[in-house]
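Treat the numbers as computed from the prediction; the structure is a model and nothing was measured.
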Amino acid sequence: MKRFKGVRGMLVFLVLLAMLAGYYFYLSNKAEKDGEETATTKTQEVLLRDLSRNYPASPKEVLRYYSEVLQCMYNEEYSEKELEQLAERAMEICDEDLVSFQSEEYVKRLQEDVQAYKSQGVQISSYKTSNSTDVEYFSKDGRECASLFCTYTLRMGTNLQTIEEVFILRKDEEGHWKIFGWDEAEPQTK
């Protein structure tokens, strides 16, 4: 009879252990699902940044934020409203003279450009800005300006292509660096 109590006790212990493990598994999966519902996308993270209180402090930081916006536009899934918000964010960090050249068709042209890249399977895989020590500061027409490079790596399937752009930024009246323009960098000779 004593042996029966030991086996019965062991069975009860194993059943309780299995129930405890099942409950733990249930709670773990529930927490993961709850976390997925509240997780923000990269696009939402970029859009949540309050530029009025947390504007990038240096030309390099402005270019880094701009590149994050570009990555969201060209890599992520988003709604049409979010694309418009991304375009607005890009314009917020651009110089007023550059923004004045943009027509009301800007968002439509941007959508077409993004769709063309996405239909070809092109994504911005990564970007790298100049080191802080490589930023060239100068004055033009009495305004502080900065010149720096950003190298974008584009991925199309397994193929990679790099594009180096040179950006010119200009300080506005509030002391914020704004993108004044950019162009493809000239190949450097060695």
Side-chain angles (χ1 to χ4, degrees), residues 39-102 106-107 109-111 113-118 120-140 143-156 159-188:
T40 56
T41 65
K42 181 157 173 74
T43 300
Q44 291 168 336
E45 286 177 18
V46 167
L47 293 174
L48 285 173
R49 183 168 181 176
D50 183 0
L51 293 178
S52 65
R53 292 185 5 191
N54 190 17
Y55 194 86
S58 68
K60 183 176 177 170
E61 292 300 315
V62 170
L63 191 51
R64 183 176 288 146
Y65 182 72
Y66 179 73
S67 296
E68 289 175 10
V69 170
L70 289 181
Q71 277 189 314
C72 290
M73 286 179 183
Y74 288 90
N75 297 0
E76 304 295 322
E77 295 297 321
Y78 45 76
S79 68
E80 190 171 324
K81 180 177 175 152
E82 286 175 321
L83 177 61
E84 290 172 9
Q85 291 172 331
L86 286 168
E88 288 172 13
R89 283 304 170 100
M91 291 291 103
E92 281 182 59
I93 59 174
C94 288
D95 188 85
E96 61 190 20
D97 288 342
L98 179 61
V99 172
S100 68
F101 286 113
Q102 299 300 327
Y106 170 70
V107 174
R109 285 184 288 128
L110 179 63
Q111 283 176 318
D113 187 52
V114 167
Q115 280 307 111
Y117 270 76
K118 285 186 174 189
Q120 296 173 11
V122 178
Q123 290 189 328
I124 300 173
S125 178
S126 63
Y127 63 89
K128 183 177 181 336
T129 60
S130 298
N131 293 326
S132 296
T133 55
D134 294 333
V135 177
E136 292 182 32
Y137 294 93
F138 60 96
S139 290
K140 177 82 172 164
R143 304 265 308 263
E144 287 183 70
C145 299
S147 171
L148 67 155
F149 292 88
C150 189
T151 303
Y152 294 97
T153 303
L154 304 180
R155 176 182 299 277
M156 185 172 168
N159 297 326
L160 296 176
Q161 177 186 359
T162 58
I163 298 174
E164 188 173 43
E165 302 276 336
V166 60
F167 284 80
I168 305 295
L169 287 85
R170 187 165 74 169
K171 256 190 188 177
D172 68 5
E173 296 80 32
E174 297 174 18
H176 294 145
W177 288 101
K178 303 281 188 157
I179 297 172
F180 185 62
W182 65 90
D183 199 4
E184 193 167 340
E186 296 290 325
Q188 294 190 6

Sorted by chain and residue number, the side-chain contact (heavy atoms from CB on, under 4.5 Å) partners of L83 (sequence neighbours excluded) come out as M73, Y78, L110, Q111
Sorted by chain and residue number, the side-chain contact (heavy atoms from CB on, under 4.5 Å) partners of Q161 (sequence neighbours excluded) come out as I163
With sequence neighbours left out, the residues meeting side chain to side chain donor-acceptor pair (under 3.5 Å) with Y137 are none
Out of curiosity, [X] [atom1] to [Y] [atom2], how far, rounded to the nearest 0.5 Å?
X    : Y    : atom1 : atom2 : result
W182 : L148 : CH2   : CG    : 13.0 Å
Y74  : L86  : OH    : CG    : 11.0 Å
D172 : Y55  : CG    : OH    : 6.5 Å
Q85  : T43  : CD    : OG1   : 10.0 Å

**Prompt:** Please walk me through it: do W177 and I93 pass side-chain contact (heavy atoms from CB on, under 4.5 Å)?
**Reply:** CA-CA 8 Å; W177 288 101; I93 59 174; over 6 Å; no
Across all chains, not counting sequence neighbours, the ring-ring contact (aromatic ring centres under 6.0 Å, His included) partners of Y65 are none
Residues at least two apart in sequence or cross-chain that pass ring-ring contact (aromatic ring centres under 6.0 Å, His included) with Y152, listed by chain then number, are none
Output all residues satisfying salt bridge (Lys or Arg N to Asp or Glu O under 4.0 Å) with [X], sequence neighbours left out; order by chain, then residue number.
X    : value
R143 : D95
E136 : none
K171 : E144
R89  : E92

Pairs of donor and acceptor atoms involving the side chains of residues 120-134, under 3.5 Å and at least two apart or interchain, shall be tabulated with distances.
residue: S126; atom: OG; partner: T153; partner atom: OG1; Å: 3.4
residue: S130; atom: OG; partner: F149; partner atom: N; Å: 2.7
residue: S130; atom: OG; partner: F149; partner atom: O; Å: 3.1

When every non-hydrogen atom of C150 is compared with those of L63, the smallest separation belongs to CB-CD2, 3.6 Å
Closest non-hydrogen atoms of Y106 and A90, given as atom of the first, atom of the second and distance, are OH-CB, 4.4 Å
**Residue pairs fulfilling salt bridge (charged side-chain N to carboxylate O under 4.0 Å, His left out) with at least one residue in residues 50-68, sequence neighbours excluded** =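 Found D50-R53, E61-R64.
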Applied to residues 75-87, the salt bridge (charged side-chain N to carboxylate O under 4.0 Å, His left out) test, sequence neighbours excluded, yields none
Checklist entry - With a 4.5 Å limit on heavy-atom distance, are the side chains of P59 and I179 in contact? => result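 Counting from C-beta outward, P59 and I179 never come under 4.5 Å.
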Original post:
If we only count heavy atoms from C-beta on, is the D97 to R170 side-chain gap below 4.5 Å?
Top reply: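 SC-SC contact between D97 and R170 confirmed.
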